[in-house]
Amino acid sequence: MLQIYNSFSRQKEAFTPIAPGQVRLYVCGMTVYDYCHLGHARVMVVFDMVARYLRDRGFKVTYIRNITDIDDKIINRAKENGEDIGALTARFIQAMNEDAHALGVLPPDAEPRATQHMPHILEMIGTLLEKGYAYPAKNGDVYYRVRQFKPYGALSGKTLDELKIGARVEVGEAKDDPLDFVLWKAAKPGEPQWDSAWGPGRPGWHIECSAMSTECLGSHFDIHGGGMDLKFPHHENEIAQSEAATGEPFVNTWMHVGFVQLDKEKMSKSLGNFFTVREVLKRFEPEVVRYFILGSHYRSPLDYSDDTLQGAKSALTRLYLALKDLTPAREGGASATYEEKFQAAMDDDFNTPGALAVLFELTRDINKLGADGAAAAPLGATLRRLGGVLGLLQSDPRMFLRGSADDSLSDAQIEVLVAKRSEARRNKNWGESDRLRDELKAQGVILEDTGSQTTWRRQ
RNA sequence: GGCUGGGUUGCAGAAUGGUUAUGCAGCGGCCUGCAAAGCCGUCUACGCCGGUUCGAUUCCGGCCCCAGCCUCCA
């Protein structure tokens, strides 16, 4: 039985989809004004894993991940760059897709963009006004009247009065209540704008997700996810908007992914202590980064360090070494217990570290069979299959182990040295043979002799 | 201050009321021309104080510490 930790109830719950056999999943994606950093990568990889596992579990999954392509940061960045907003967002959407692809993240079923869903956004704001949950302010903005929505604060575990203590009042605010939040921002000169019954402007951040999620998945759907930092106010506001507008429950299960941290501190744009995905990919292979992310539970903080990434690389190398000499087999064979253990781990709130431990048990059993490739092949097939559920182990083992040349020796240069060494070995010239091996080692190339055959891999 | 997570062996990181997590690193052995890889064996735990229990790292209470949210942020 699949159990998921629901941030709303703050406990693990048995997962039952609204429509039998179908899961409707919405995840808050990126605001596209800059490159993805590791925090974004974690959310993308985690929900990719969730979607893959749910599908493997037999559910039909509709996975929606939105793109925020209009907001203050985008407008400001475009202004700084002297760049057209559309060009800026197109550029970073492209970059995001490249990063996601590198990390083995499958495209969601749809990636709705705020600017392409303006009618539905306007419709929802209209409904909220009609129902008395929203009001137009003197400055042309439209606000959500938080006190009108009784359950407000349920997700974040706060009461309105608690929230009010911390609320900041900006100069020149036109809100009736400092906790109210903006649904529609009146256009300022030179800014992108859309026509509305309340005057030209653009949507607030929260409304787009309410509009797009309910448009794509219906008023009431199964799982809504995002980073931990979206819990409040973003997701709280989504609930308020959506439930007030539709009159139905919005989401059954809320999933929040923990932060990527650097030196025990949240990696974030405002602190400036972040690594972009592309920076990290210059130093580690994408699959290593994916392993690093899945190597800890999705709700735990994940501390980034070179050592941890190096550890992920070593672990992944061990898995690939076990697959290296196996002939591909189609069937998993007598490996049902591994499948069961794997599923038991994943069923427990997507416990990927536990699932990975099962892959290592499989690896040990493959290695024990050693030269008996025929016996090991079905185990190898199971290892690859289960790895695939996590989006891992789908590369050619030899290609993964050889890595890429970077600024070191090329494949051809290595082959030449390996051939020279094999020649020396044939002549039992151990001095020369070991010298060549040390030379390669110094260049980060590791040799393995199996009888007269030598294989190599980059460290 | 309020709220939400969390404190596990050298590092990373799970589970669990009594019995091996797992990976990396270490140590001993096997294998190897020597290595590497692999296999076998092995060492280092469960923030503090109480309580429940035959028995608690695991449940309960209190405390300390860390991170995050309460303001844009995945």
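In what follows, chains carry the letters A, B, and so on, assigned in the order in which the sequence lines appear, proteins first and then strands, with residues in each chain numbered from 1.
- Among the protein residues, A/Lys441 comes within range of no part of the nucleic acid, since none of its heavy atoms lies under 4.0 Å from any strand.
- Base pairing annotation: B/rC59 forms a Watson-Crick or G-U wobble pair with B/rG51, both donor-acceptor distances under 3.5 Å.
- Spacing of P atoms, B/rU16 relative to B/rC34, comes out at 46 Å, to the nearest Å.
- Heavy atoms of A/Gly258 sit under 4.0 angstrom from at least one base atom.
- Atom P of B/rU32 sits at a distance of 23 Å from the matching atom of B/rG26, rounded to the whole Å.
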message = How would you summarise protein contacts on nucleotides 32-42 of chain B per nucleotide, using B for base, S for sugar-phosphate only and - for none, with heavy-atom distances below 4.0 Å?
response = -BBBBSSSS--

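- Within the 4.0 angstrom heavy-atom criterion, only backbone atoms of the sugar-phosphate kind lie near A/Lys231; the bases stay farther away.
- Taken to the nearest 0.5 Å, the OG1 atom of A/Thr308 stands 8.0 Å off from the CG atom of A/Leu302.
- A/Asp263 and A/Tyr304 form no side-chain donor-acceptor contact under 3.5 Å, judged by distance and modelled atom types alone.
- Counting non-hydrogen atoms under 4.0 angstrom, A/Ser296 reaches the backbone sugars and phosphates but no base.
- Protein atom CD of A/Gln11 is 10 Å distant from nucleotide atom P of B/rG5, rounded to whole Å.
- OP1 or OP2 of B/rA14 lies within a sub-4.0 Å distance of a side-chain N or O belonging to A/Ser300.
- Remark: P of B/rC3 and CG of A/Leu160 are 16 Å apart, rounded to the nearest angstrom.
- OP1 or OP2 of B/rC72 has not a single side-chain nitrogen or oxygen of A/Tyr33 nearer than 4.0 Å.
- A/Phe259 comes within 4.0 angstrom of a nucleotide base, judged by non-hydrogen atoms across all strands.
- B/rA36 and B/rG28: their P atoms are spaced 13 Å apart (whole Å).
- The distance from atom CG of A/Leu409 to atom CG of A/Leu417, rounded to the nearest 0.5 Å, is 6.5 Å.
- Remark: the separation of the P atoms in B/rA67 and B/rU8 is 14 Å, to the nearest Å.
- Looking at A/Thr115 and A/Asp69, their side chains do bring a donor and an acceptor atom within 3.5 Å of each other.
- For the salt bridge (Lys or Arg N to Asp or Glu O under 4.0 Å) condition, the pairs that include at least one residue of residues 293-308 of chain A, sequence neighbours left out, are A/Arg283-A/Asp306, A/Arg299-A/Asp349.
- Rounding to whole angstrom units, CD of residue A/Gln261 and P of B/rG7 are separated by 13 Å.
- Among the heavy atoms of the strands lying under 4.0 Å from A/Lys158 is at least one base atom, whether or not backbone atoms are also near.
- Look at B/rU44: it lacks any Watson-Crick or wobble partner with both distances under 3.5 angstrom.
- With distances taken from any side-chain atom of A/Ala357 to the nucleotides B/rA21, B/rC70, B/rG5, the minimum falls on B/rA21.
- Nucleotides B/rC24 and B/rC60, compared at atom P, are 35 Å apart to the nearest Å.
- A straight line from CG of A/Asn351 to C1' of B/rU22 spans 11 Å, rounded to a whole angstrom.
- Residue contacts shown for A/Gly227 are limited to sugar-phosphate atoms, with no base heavy atom under 4.0 Å away.
- For the pair A/Lys158 and A/Phe232, the distance from NZ or CZ to the six-membered ring centre is under 6.0 Å and the angle to the ring normal is within 45 degrees.
- Distance noted for atom P between B/rU57 and B/rG51: 14 Å (whole Å).
- When the C1' atom is compared between B/rU58 and B/rG1, the two are found 32 Å apart, to the nearest whole Å.
- Residue A/Gln453 qualifies as open at atom CD: its count of foreign heavy atoms under 6.0 Å is 12 or below.
- Note: CE (A/Met267) to C1' (B/rA67) measures 14 Å, nearest angstrom.
- Of the nucleotides present, B/rG38 is the one that pairs with B/rC30 by Watson-Crick or G-U wobble criteria, both distances under 3.5 Å.
- Note on A/His37: a base of the nucleic acid sits closer than 4.0 angstrom, heavy atoms only.
- Judged by distance alone, the side chains of A/Gln94 and A/Glu98 do bring a donor and an acceptor atom under 3.5 Å apart.
- Nucleic acid contact for A/Val260: base, since at least one base atom lies under 4.0 Å from a heavy atom of the residue.
- In this entry the distance linking CZ of A/Phe8 with P of B/rG5 reads 14 Å, nearest Å.
- Mapping A/Arg299 and A/Thr308 onto RNA chain B via the closest heavy atom, the residue that lands nearer the 5' end is A/Arg299.
- Taking a pair to require two hydrogen-bonding distances under 3.5 Å in either a Watson-Crick or a G-U wobble arrangement, B/rG1 pairs with B/rC70.
- Note: OH (A/Tyr298) to P (B/rG5) measures 12 Å, nearest angstrom.
- Two residues are said to be in side-chain contact when any heavy atoms from C-beta on lie closer than 4.5 Å; A/Ser9 and A/Asn6 meet this criterion.
- For the pair A/Thr352 and A/Met346, the minimum side-chain heavy-atom distance is below 4.5 Å.
- Where A/Gly295 and A/Ser156 each meet RNA chain B at their nearest nucleotide, the meeting point lying more 5' is that of A/Ser156.
- One atom, CG of A/Asp161, and another, C1' of B/rC3, lie 15 Å apart when rounded to the nearest Å.
- A/Gln310 comes within contact range of no nucleotide atom at all, as no heavy-atom separation falls under 4.0 Å.
- Distance from the side chain of A/Pro353 is smallest to B/rG13 among B/rG6, B/rA74, B/rG13.
- For the P atoms, the distance from B/rC43 to B/rU20 is 12 Å, rounded to whole Å.
- Using N1 to N3 plus N6-O4 or O6-N4 for Watson-Crick, or N1-O2 and O6-N3 for G-U wobble, each under 3.5 Å, B/rU22 pairs with B/rA12.
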